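Here is the structure we will look at.
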Amino acid sequence: MNTAAWKSWAGGAAVVAALLGTTACGPDAAEDSATAAPSDRAGTTGPAKPGGAASATPDGADSPKPGATSGTPAGSDGPTAVAACTTEHLAVSARKEPADATTARHLLITVQNAGDKACALYGYPRVRLGADAQATVPVIKDSDPDPGKPVTLAPGDEAHAALLVSGGARDEYEAKSIRLTLQGRTPGSTAGRAVDVPMPVRTLYADDGQLVTYWTTASGAALDFIMSK
């Protein structure tokens with residue numbers, strides 16, 4: 001081999017060796033760089049890796065429990081809430097207490113769920129004694145059996161409210177009707193239309209002492225609030 005050929009072969013071999021050295025070093029250097037990068041970003045949360053779990057929930061915060069679902073809690077005003085009772089689905093009556101009383105000062109108003117679904121009675125009945133009554137009968141505030149909660153009636157169930165027709169002995173007037181309106185879920189609202197309760201006697205003698213109780217399923221408990229008046 002002459003001198004020129006030898007120099008050409010040696011130069012080519014040097015280039016190949018240099019290229020092989022660069023290729024061998026490159027991946028290791030890149031891998032080292034990628035491995036070190038996350039440690040430079042402390043406090044960030046990455047995606048979950050197979051076999052593990054990554055969470056952005058701060059320490060001490062509640063995490064969703066297995067099987068938990070989001071939605072409306074039972075008894076709230078959402079799709080699962082029981083609808084308010086309306087007079088269209090209730091049988092309404094009134095009787096004297098006691099039944100053999102010579103006057104009709106104490107009455108027990110009873111409603112029965114005549115529908116095929118449960119419904120909720122809110123607050124107390126709004127009652128007007130007589131066609132010319134200017135206001136509804138005031139409620140006895142202490143008579144609420146479970147403040148803030150409605151009375152739920154399954155089909156066929158009953159609820160009661162006691163009505164004191166007279167007790168103040170002032171401004172007495174004759175009342176020939178008992179007009180009843182049910183309250184709705186929202187304070188100040190009504191549920192259904194107003195109805196006339198069948199009269200237990202032809203004429204009631206009402207005065208400014210009239211009072212009514214909250215709805216309850218215990219008739220005796222309701223009457224206890226008015227029988228001593």
Side-chain angles (χ1 to χ4, degrees), residues 77 81-97 103-168 170-219 221-223 225-226 229:
D77 293 343
V82 177
C85 295
T86 64
T87 50
E88 287 80 2
H89 299 98
L90 295 179
V92 185
S93 62
R95 69 172 188 260
K96 294 189 301 178
E97 288 292 340
T103 61
R105 293 184 57 244
H106 306 97
L107 303 183
L108 184 68
I109 298 175
T110 299
V111 294
Q112 183 182 47
N113 185 355
D116 57 3
K117 295 180 180 179
C119 66
L121 282 172
Y122 288 87
Y124 55 91
R126 290 178 177 156
V127 177
R128 292 181 185 269
L129 295 177
D132 298 327
Q134 299 300 307
T136 57
V137 178
V139 68
I140 302 174
K141 294 183 178 180
D142 293 340
S143 65
D144 193 347
D146 199 355
K149 295 184 179 180
V151 175
T152 301
L153 297 180
D157 284 354
E158 294 182 344
H160 314 275
L163 175 63
L164 181 64
V165 176
S166 61
R170 292 186 301 174
D171 301 326
E172 186 178 88
Y173 65 96
E174 293 185 358
K176 297 184 180 294
S177 65
I178 303 172
R179 192 77 166 165
L180 181 147
T181 303
L182 298 176
Q183 296 192 53
R185 180 181 294 112
T186 304
S189 66
T190 59
R193 58 186 177 83
V195 296
D196 286 322
V197 181
M199 294 283 285
V201 294
R202 184 181 298 273
T203 302
L204 294 172
Y205 294 93
D207 63 22
D208 62 349
Q210 54 194 252
L211 293 169
V212 71
T213 68
Y214 281 84
W215 291 114
T216 178
T217 56
S219 59
L223 289 169
F225 285 96
I226 68 167
K229 299 183 184 295

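A quick note: this is a predicted structure, and the numbers were derived from the prediction, not measured. All values below were derived from every heavy atom in this structure, side-chain atoms included, with hydrogens, water molecules and symmetry-related copies excluded.
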Let me have the donor-acceptor pairs involving side chains of residues 196-210, under 3.5 Å, with sequence neighbours excluded, atom names and distances please.
{"unit_1": "D196", "atom_1": "OD1", "unit_2": "R179", "atom_2": "NH1", "d": "3.2"}
{"unit_1": "D196", "atom_1": "OD2", "unit_2": "R179", "atom_2": "NH1", "d": "3.3"}
{"unit_1": "T203", "atom_1": "OG1", "unit_2": "K176", "atom_2": "NZ", "d": "2.8"}
{"unit_1": "D207", "atom_1": "OD1", "unit_2": "G167", "atom_2": "N", "d": "2.9"}
{"unit_1": "D207", "atom_1": "OD1", "unit_2": "G168", "atom_2": "N", "d": "3.3"}
{"unit_1": "D207", "atom_1": "OD1", "unit_2": "G209", "atom_2": "N", "d": "2.8"}
{"unit_1": "D207", "atom_1": "OD2", "unit_2": "G167", "atom_2": "N", "d": "3.2"}
{"unit_1": "D207", "atom_1": "OD2", "unit_2": "G168", "atom_2": "N", "d": "3.3"}
{"unit_1": "D207", "atom_1": "OD2", "unit_2": "A169", "atom_2": "N", "d": "2.7"}
{"unit_1": "D208", "atom_1": "OD2", "unit_2": "R170", "atom_2": "NE", "d": "3.2"}
{"unit_1": "D208", "atom_1": "OD2", "unit_2": "R170", "atom_2": "NH2", "d": "3.4"}
{"unit_1": "Q210", "atom_1": "NE2", "unit_2": "Y173", "atom_2": "OH", "d": "3.3"}
{"unit_1": "Q210", "atom_1": "NE2", "unit_2": "D207", "atom_2": "O", "d": "2.8"}

*Excluding sequence neighbours, so at least two apart, what forms side chain to side chain contact (heavy atoms under 4.5 Å, CB included) with A83?*
none

*CD1/I109 to OG/S219 distance, rounded to the nearest 0.5 angstrom?*
13.5 Å

_Test of understanding: with salt bridge (charged side-chain N to carboxylate O under 4.0 Å, His left out), list the residues that count as partners of E174, not counting sequence neighbours._
none

_Can a donor-acceptor pair be found, under 3.5 Å and without considering hydrogens, that links the side chain of R95 to the backbone of L108?_
no

*Inter-residue atom distance I226.CD1 - L107.CG, 0.5 Å rounding*: 7.0 Å

*Within the distance-only criterion (no hydrogens, no angle test), does the side chain of Q183 pair as donor or acceptor with the backbone N or O of L121 below 3.5 angstrom?*
no

*Got V151 and T216 here, is their nearest side-chain heavy-atom distance under 4.5 Å?*
no

*Partners meeting side chain to side chain donor-acceptor pair (under 3.5 Å) with T213 (sequence neighbours left out)*: none

*Is there a donor-acceptor pair under 3.5 Å between the side chain of T87 and the backbone N or O of A194?*
no

*Not counting sequence neighbours, list each pair that qualifies as a disulfide bond (SG atoms under 2.5 Å apart) and has a residue in residues 180-219.*
none

*Looking at residues at least two apart in the chain, or sitting in another chain, which of them share a side chain to side chain contact (heavy atoms under 4.5 Å, CB included) with T190?*
R126, T181

*Look up atom CG in L211 and atom NE2 in H106, then write down how far apart they are to the nearest 0.5 Å.*
10.0 Å

*Which pair of heavy atoms, one from A91 and one from A114, lies closest together, and at what distance?*
N-CB, 4.4 Å

*For A191 and A84, work out which heavy atoms get closest and say how close.*
CB-CB, 4.2 Å

*asked:* Considering only residues two or more places apart or on different chains, which pairs with a residue in residues 108-146 satisfy disulfide bond (SG atoms under 2.5 Å apart)?
replied: C85-C119

*Where is the tightest heavy-atom contact between R185 and Y122, given as atom of each residue plus distance?*
NE-OH, 3.2 Å

*Can you list every side-chain hydrogen bond (donor to acceptor under 3.5 Å, both in side chains) pair that touches residues 154-164, not counting sequence neighbours?*
T110-H160

_Which residue is it: L129, T103, I178? I am looking for the one with a side-chain contact (heavy atoms from CB on, under 4.5 Å) to V165._
L129

*Which residues share a side chain to side chain donor-acceptor pair (under 3.5 Å) with H89, sequence neighbours left out*: T86

*What closest approach, in Å, do T152 and A118 show between heavy atoms, and which atom pair accounts for it?*
CG2-CB, 4.4 Å

Donor-acceptor pairs under 3.5 Å, side chain of residues 135-150 to any protein atom, not counting sequence neighbours: which ones?
{"unit_1": "S143", "atom_1": "OG", "unit_2": "I140", "atom_2": "O", "d": "2.6"}
{"unit_1": "S143", "atom_1": "OG", "unit_2": "Y214", "atom_2": "N", "d": "3.1"}
{"unit_1": "D144", "atom_1": "OD1", "unit_2": "D146", "atom_2": "N", "d": "3.3"}

